[in-house]
Amino acid sequence: MDQSHASSPLAGAVHDLATEVVLALRSGDHLATVCGAAGIDEENRTGIAAVRVIGADLLLPSVLHGHHPHPGDIAVLHRAVREFPPRPDASDATAWSHWGMMSALGRTAPATTPGQPPVAANGEPDAAWLEGAPWQAFTHQLSVLAPLAVPAASSAVHRAAAHRVVDLSRGFVRAVRRRNWLQAAGAGRWLAALDGRPDSLGLDRGLDFVELMGGPDPRVALHVRAARLMAEGRAR
């Protein structure tokens, strides 16, 4: 692993895991295990914490390529859900991220996974806080919740995003100008999943630029690749 990404064991694990997700998105290999390739199993607590950071995107390759996720990845995501539940004072974004992991398991994991209890993402967290947020804060929060931007996954966050596409477009441009590549990539991913963005935005070229400039962070590449795959799917 590049030492520039190893400021802490967790940061290094997140970097490696995001890199493997990107590789799986590019290859479409339904036999690949993302966690296994990153050296993470159910007993690796640092790895489990990294999965909690990546969230529902651990299963993104299976979602976008239309195949069952690897059983090892399902098991690790189950463990992350159990080990890192949101605390009573957790932020709204944390509660939604946890809901997103549970929702991803419910949608993509086989109904009966050996050794794992069934998962159902019942009771969405509150999303009223998004409706009145200034467009700058709205873009920030949507970028944090970019793992929820997947096809055929309706939620209150999706509906809030769909109602504020122009605000999100403004936020994407602002993030690019401020060189906040991760936020720009997350906002761009949402925009690729939504209708109604301004034609003048130039999202495709904007994402190319974000990917180029945000190259050292594989989370940027993850969101950009997800955006492209969703755009391709919508164009078919």
Side-chain angles (χ1 to χ4, degrees), residues 18 21-22 25-26 28 54-57 60-61 63-66 91-93 95-97 99-100 103-104 107 124-236:
V21 173
V22 173
L25 286 172
R26 288 174 176 164
I54 295 296
D57 276 344
L60 185 62
V63 172
L64 296 184
H65 289 300
S91 68
D92 293 308
W96 270 103
S97 177
W99 179 90
S103 180
R107 287 194 314 271
E124 290 186 359
D126 178 62
W129 54 282
L130 283 174
E131 296 176 5
W135 63 269
Q136 300 93 331
F138 181 77
T139 301
H140 168 71
Q141 295 295 340
L142 264 290
S143 178
V144 171
L145 295 175
L148 299 182
V150 293
S154 178
S155 71
V157 174
H158 280 79
R159 292 187 288 275
H163 291 152
R164 300 186 63 178
V165 173
V166 172
D167 282 347
L168 195 56
S169 299
R170 294 174 68 191
F172 173 77
V173 173
R174 178 176 183 266
V176 171
R177 288 176 173 170
R178 293 168 65 92
R179 304 177 70 85
N180 188 335
W181 309 123
L182 183 57
Q183 185 176 116
R189 174 173 168 179
W190 276 106
L191 288 167
L194 299 170
D195 295 319
R197 63 179 180 270
D199 293 336
S200 59
L201 181 62
L203 182 61
D204 290 342
R205 286 181 293 175
L207 286 172
D208 288 342
F209 183 68
V210 168
E211 184 176 34
L212 175 65
M213 299 302 293
D217 189 342
R219 294 174 299 169
V220 171
L222 190 163
H223 292 322
V224 171
R225 184 61 182 167
R228 288 175 175 152
L229 287 171
M230 287 191 290
E232 290 170 7
R234 288 162 60 85
R236 294 192 188 108

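It should be emphasised that the depicted structure is a prediction, and the values quoted were computed from it without experimental measurement.
- Within 6.0 Å of CZ on R159 lie more than 12 heavy atoms contributed by other residues, nucleotides or ligands.
- Between Q141 and W129, the closest side-chain pair of non-hydrogen atoms falls below 4.5 Å.
- The minimum heavy-atom distance between A187 and T139, with the atom names listed, is CB-CG2, 3.9 Å.
- A donor-acceptor distance shorter than 3.5 angstrom exists from the side chain of R164 to the backbone of L130, with no hydrogens or angles considered.
- Side-chain atoms of W96 come within 3.5 Å of backbone atoms of D126 as a donor-acceptor pair (strictly under, hydrogens ignored).
- For R219 (side chain) and A18 (main-chain N/O), no donor-acceptor pair under 3.5 Å exists by modelled atom type.
- Of all heavy-atom pairs spanning A226 and L25, the tightest one is N-CD1, 4.5 Å.
- Counting only distance, with no hydrogens or angles, the side chain of E124 and the backbone of A156 share a donor-acceptor pair below 3.5 Å.
- A distance of 5.5 Å separates CE of M230 from CZ of R189, quoted to the nearest 0.5 Å.
- Here the OG atom belonging to S97 is positioned 10.0 Å from the CD1 atom belonging to I54, to the nearest 0.5 angstrom.
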*Given the rule in the ring-ring contact (aromatic ring centres under 6.0 Å, His included) test, do W181 and F209 qualify, once you have shown the distances and angles that lead to the verdict?*
CA-CA 9 Å; W181 309 123; F209 183 68; 5.6 Å; yes
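- The two residues G188 and A227 make their nearest non-hydrogen contact at O-CB, 4.1 Å.
- With values rounded to the nearest 0.5 angstrom, D57 atom CG is found 5.0 Å from L222 atom CG.
- Salt bridge D208/R228: present, at least one basic N to carboxylate O contact under 4.0 Å.
- Counting heavy atoms from C-beta outward, F172 and R197 have side chains that stay 4.5 Å or more apart.
- Inter-residue side-chain proximity for L229 and H65 is flagged as met; some heavy-atom pair is nearer than 4.5 Å.
- Taking both residues in full, the closest heavy atoms of A221 and R26 are given as CB-NH2, 4.4 Å, listed atom of the first, atom of the second, then distance.
- L142 CG to W190 CH2: the interatomic distance, rounded to the nearest 0.5 Å, is 5.5 Å.
- Side-chain contact between D217 and L182 is present, with at least one heavy-atom pair separated by less than 4.5 Å.
- Once rounded to the nearest 0.5 Å, the distance linking CG of L191 with OG of S169 reads 4.5 Å.
- The closest side-chain donor-acceptor pair between S155 and H158 falls under 3.5 angstrom.
- With contacts defined as side-chain heavy-atom distances shorter than 4.5 Å, the pair V210/H223 does not qualify.
- Rounding to the nearest 0.5 Å places CG of L145 at 9.0 Å from NE2 of H140.
- A heavy-atom distance below 4.5 Å is found between the side chains of L64 and P151.
- Using a 4.5 Å heavy-atom threshold, the side chains of V21 and P61 count as touching.
- Between W135 and L168, every side-chain heavy-atom pair lies at or beyond the 4.5 Å cut-off.
- Contact detail for A185 and V224: the closest heavy-atom pair is CB-CG2, 4.2 Å.
- Taking every heavy atom of both residues into account, A184 and V176 meet most closely at CB-CG2, 3.9 Å.
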